[in-house]
Amino acid sequence: MNELTVVMYHYVRALARSRYPAIKGLDVGRFRGQLAYLEQHGRFVGVEDVLAACRGEDDLPPDAVLLTFDDGYADHWRYVFPLLDERGVQGCFFAPVRAVRDRVVLDVHKIHFTLAACGDPGLLAAHCLARIADWRDEYGLEAPAQYEAGLPRASRFDDPRTLFVKRLLQRGLPEAARARLADELFRRFVTADEAAFAEELYLDVDQVRAMRRGGMWFGAHGQSHRWLDGLDESAQHAELLASSDWLRELGYEDGEFVVAYPYGGYDATTVAVARELGYGLGFTVEVRVARIGRDDPLLLPRLDTVDVPCDPAAAGRGRPT
Ligand SMILES: [Zn+2]
C-alpha cells in the first residue's frame, strides 16, 4: 500500500488586487508557500504515476503528493501554471466542459461571485426566501420556513447565512428554480454581461492545450458542474461521456481519463458509469490521505488547501484521517 496526499485547490489568485477580494480563494503568495512546504516535506507525483500505482505496476515514492485544481479557472493559467512549470511539477486540472468550451458562467460560480460582490449574506438569504414565496406554485416549493429549518447551520468554511444561501442555491431548491435564482442574483449583484465574465473567469481551449503541452494533466469535472448523485443513470452517463469525449479530443485515451466529482457528489451509479467509460481515477472531497492499493481508484480522497501549511518551516504535515 502507498500513501498519497492529494491536495484540492479552487481559486488561486492575487486576491487583494483582484476585483473580488472577498472570493473564497487562496492568495498566490500563500500558494507559493504551500509549494515550498510540500517540496520540502513531500514528493510531487503526476497522474501517470498514480495510474501506474493503482494498476500495481509501480510504487509511489514515500510522502507522494498530487496537486489538483478544480473548476477550470483562468487563475490556473495565470498564476498556477507558471509556478508549477518553473518547478517541474505536474498539476491535474478538472475543467467543466461548458465553462471552458461553451463560455457560460456555471451556476456554482454565479453563487460564489454574488456572495463576494454583495457582501451581505443576510440580504441574499432574504431575497431567496422572498423568491421561494413568489415561486411556490410554479416550482412546487415548500413554505420558506421549511427551507430555513432544513438546512445545516455551519461548516468549516462558511458562516451560517452564507452556508444557507449556498446550500439553497446548490441543492436545496429544484434545479430549474436554483438556476433561475442564481442567474437573477448574478445579474443584479455581479454583471449582466455573462459572456465577458466567462471570458475572464475560465481557461480557454488554447490555454488548456498550452498547459497540456507544458506537462499539465486535464481531467473531467462534468459538463456543467451538476451533482451527479442527484441524477439518474442516463443523465450521469451524459455528464461523464461529454467530459470523456472532451478529454479524448485533448489526446487522452481510455484508462487515462480522470474525474473530480462536482461538489464531491457521487453514488454507486457514478462509479459504475465512470468505470464503464474508461475513467482510471476519480477524486472525492472526503478529507484524508489516500491509500493506493486499498482505496477504490475511482474514490480517492483529497485534502483541502486549508489543510496544508503555507510556511515551509512548519513541522511535518498533519494527516487528517
Ligand atoms: Zn467544482
Using 0.5 Å steps for rounding, measure from the OG atom of Ser244 to the CD atom of Glu249. 10.5 Å
Say you draw a straight line from CD of Glu256 to CG of Leu250; how long is it, rounded to the nearest 0.5 Å? 11.5 Å
Which of His10, Arg78, His109, Arg13 passes side-chain hydrogen bond (donor to acceptor under 3.5 Å, both in side chains) with Tyr73? Answer is His109
Can you list every pair that meets side chain to side chain donor-acceptor pair (under 3.5 Å) and has a residue in [range], with sequence neighbours left out?
| range | result |
| --- | --- |
| residues 207-223 | Asp71-His221, Arg212-Tyr252, His221-His225 |
| residues 125-135 | His127-Glu184, His127-Arg188, Arg131-Asp134, Arg131-Glu184 |
| residues 113-122 | none |

Does Tyr147 use its side chain to pair, donor to acceptor, with the backbone of Glu142 at less than 3.5 Å? yes
Keeping Trp227 on the side-chain end and Gln170 on the backbone end, is there a donor-acceptor pair under 3.5 Å?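 Yes, the answer is positive, given that a donor and an acceptor are paired below the 3.5 Å cut-off.
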Tell me whether the rings of Phe69 and Phe31 are parallel (<30°), tilted (30 to 60°) or perpendicular (>60°).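 Rings of Phe69 and Phe31: perpendicular, as their planes differ by over 60°.
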List the steps, then state whether salt bridge (charged side-chain N to carboxylate O under 4.0 Å, His left out) holds for Arg178 with Asp183. CA-CA 8 Å; Arg178 270 191 267 141; Asp183 191 57; over 6 Å; no
Under the side-chain hydrogen bond (donor to acceptor under 3.5 Å, both in side chains) test, which residues partner Asp58, sequence neighbours left out?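 Expected list: none.
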Do you see a donor-acceptor pair shorter than 3.5 Å between the side chains of Thr269 and Gln236? no
With sequence neighbours excluded, what pairs up with Glu276 under the side chain to side chain contact (heavy atoms under 4.5 Å, CB included) test?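 Testing Glu276 for side chain to side chain contact (heavy atoms under 4.5 Å, CB included), a comparison that skips the adjacent residues, returns His237.
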Sequence neighbours excluded - ring-ring contact (aromatic ring centres under 6.0 Å, His included) pairs with any residue from residues 269-299: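 Every pair satisfying ring-ring contact (aromatic ring centres under 6.0 Å, His included) with a residue in residues 269-299: Phe94-Phe283, Phe257-Tyr279.
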Please check if atom CZ in Arg43 has more than 12 non-hydrogen atoms from other residues, nucleotides or ligands closer than 6.0 Å. no
Quick check on Glu253: does its CD atom have over 12 non-hydrogen neighbours (other residues, nucleotides or ligands) under 6.0 Å away? no
